[in-house]
Amino acid sequence: MNPLPYGRHDISEEDIAAVVACLRSDRLTQGPRVAAFEEALREATGAKYAIAVSNGTAALHIGALSLGLSKGDVGITSAITFVASANAIRYAGADVELVDVDPATGLMDIDDLSKEVARLESEGRPPKLIVPVDLAGQPADLPAIRAIADACGARVLEDAAHSFGATHTHQGAVHRVGDGRFAQGTTLSFHPVKHITTGEGGALLTNDDAVADTARRLRTHGISYDLAARAKDHDGPDDPFSGPWLYEQELLGFNYRLTDIQCALGLSQMTRFPAFLARRRSLAARYDGAFAEESFAGLLRPLRKEAGRSGAYHLYVVQVVAGKGEPLASVAARRKRLYLFLKERGILAQIHYIPVSRQPFHRATGERPLPGALAYYAASLSLPLFPAMEDADLERVLMALGDWAAIERAATTRPS
Ligand SMILES: *Cc1c(COP(=O)(O)O)cnc(C)c1O
């Protein structure tokens, strides 16, 4: 049997035809498909602006810069995330501070965020940017995070690499991730394991005119071709050194462009995005149903779902249940047994994520205790979940989990 990964892309014949059509056209980059893909992203999220870039990390980088993060500032992110969320803060020349997570959701712990902001304020270095992460596809508590950010003068850049298509309810209104109601910037990733793919790709969403304008220039070397608006700065038609060829670099930008070839794939994938999302949710509901059964009681449980939030399920995370007072190393050992047991059966689960504070590069930021992140890390495992996963694949995972549960139960109930 083929190994079953935790996630993978789904490419159709239509996707292939769309890419081939682009290859036969006269624009391979910066052509009409980029704008059309951005339009599709705006429509799907309700964002005023979408800026497509070469990957999700680039989106975080230009998002942080466009929101004003600069050298010597402090940026905050969650201790449980992919390293890119923290790295983007460092690319901007700022220091990273990590906030703990709720171990039952993996989402930024609001009390710990308040405490960390107060600590930074007392040191005279209030944060300028907060980067919450919608782990596994469930939105973080954006209204609470925005309120804390407003009170300390920070802006919010939501890392929505996991949550494209998710919604949350606030005061009776349903908000789509990326609609800009709470986060001044939101980033997406189109890496093949994510909701839709462009091979590599990402986007920054924002409703702020100035942020969008800066981000667009940062995407292309900091260059602006739109000189009409500043025609008065030039000597006019009589200046022999100026003319229609003029472009101006005003910022230190990058080449973070997404190609038309990639956007052709992205546009085609967007036509199936609703079906992808529905399939992820349906598979997640089947996992939820299984973990509600007696056979898994006290052994495995899904992440806690917060009221009013509808996840987009980039990941399906299950946790081994800790006994009362059980040391973390014992919980982690059980999770490792489960990981290896599944691997033996050709089921390639994954762990999302090792706390950022445990990475050698970021270790200096890990001086505050992060008990929630450690508990989350010890217990969590991402099970296979992707749109092309078949019902039989799900049965195979549940069968293996059932066998593991029976062995664990026998081991704990055996008289010693
Ligand atoms: C995938 C991912 C990113 C970065 O995306 P790339 O497109 O791979 O650069 C950032 N943050 C999180 C949480 C992710 O899962």
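Atoms within each ligand, like the ligands themselves, are counted from 1 in listed order.
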Sub-4.0 Å atoms of ligand 1 with respect to non-hydrogen atoms of [X]:
X      : answer
Thr81  : 13 (C)
Gly201 : 7 (O)
Thr57  : 4 (C), 5 (O), 6 (P), 9 (O)

Nearest-neighbour protein heavy atom for atom 10 (C) of ligand 1, which is reported as residue plus atom name and distance:
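Nearest protein contact, heavy atoms only, for atom 10 (C) of ligand 1 is Asp159 OD2, 3.5 Å.
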Is the Lys NZ or Arg CZ of Arg176 less than 6.0 Å from the centre of Phe164's six-membered ring, within 45° of the axis?
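Because its charged atom misses either the 6.0 Å distance or the 45° angle limit, Arg176 does not stack over Phe164.
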Give yes or no for whether the N/O distance cutoff of 3.5 Å, strictly under, is met between [X] and ligand 1.
X      : result
Ser189 : yes
Glu200 : no
His314 : no
Gly56  : yes
His162 : yes

Which bit of Asn55 is near ligand 1, meaning a heavy atom under 4.0 Å away: side chain, backbone, both or neither?
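Both backbone and side chain.
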Indicate the atoms forming the closest heavy-atom contact of Ala183 with Leu142, along with that distance.
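Closest heavy-atom pair between Ala183 and Leu142: CB-CD1, 4.2 Å.
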Minimum side-chain heavy-atom gap Leu135-Thr105 below 4.5 Å:
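No - every pair of side-chain heavy atoms lies 4.5 Å or more apart.
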Are any of the heavy atoms in Lys194 under 4.0 Å away from ligand 1?
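Yes, Lys194 has a heavy atom closer than 4.0 Å to ligand 1.
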Only one of Asn207, Asp209, Asp208 clears side chain to side chain donor-acceptor pair (under 3.5 Å) with Tyr49; which?
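One option only clears the test, and that one is Asp209.
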Should the ring pair [X] and [Y] be called parallel, tilted or perpendicular, given that the plane angle runs from 0 to 90° and is split at 30 and 60?
X      : Y      : result
His195 : Phe273 : perpendicular
His314 : Tyr6   : perpendicular
Phe182 : His175 : perpendicular

Indicate yes or no: does Glu97 engage Arg119 in a salt bridge with an N to O separation below 4.0 Å.
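Yes.
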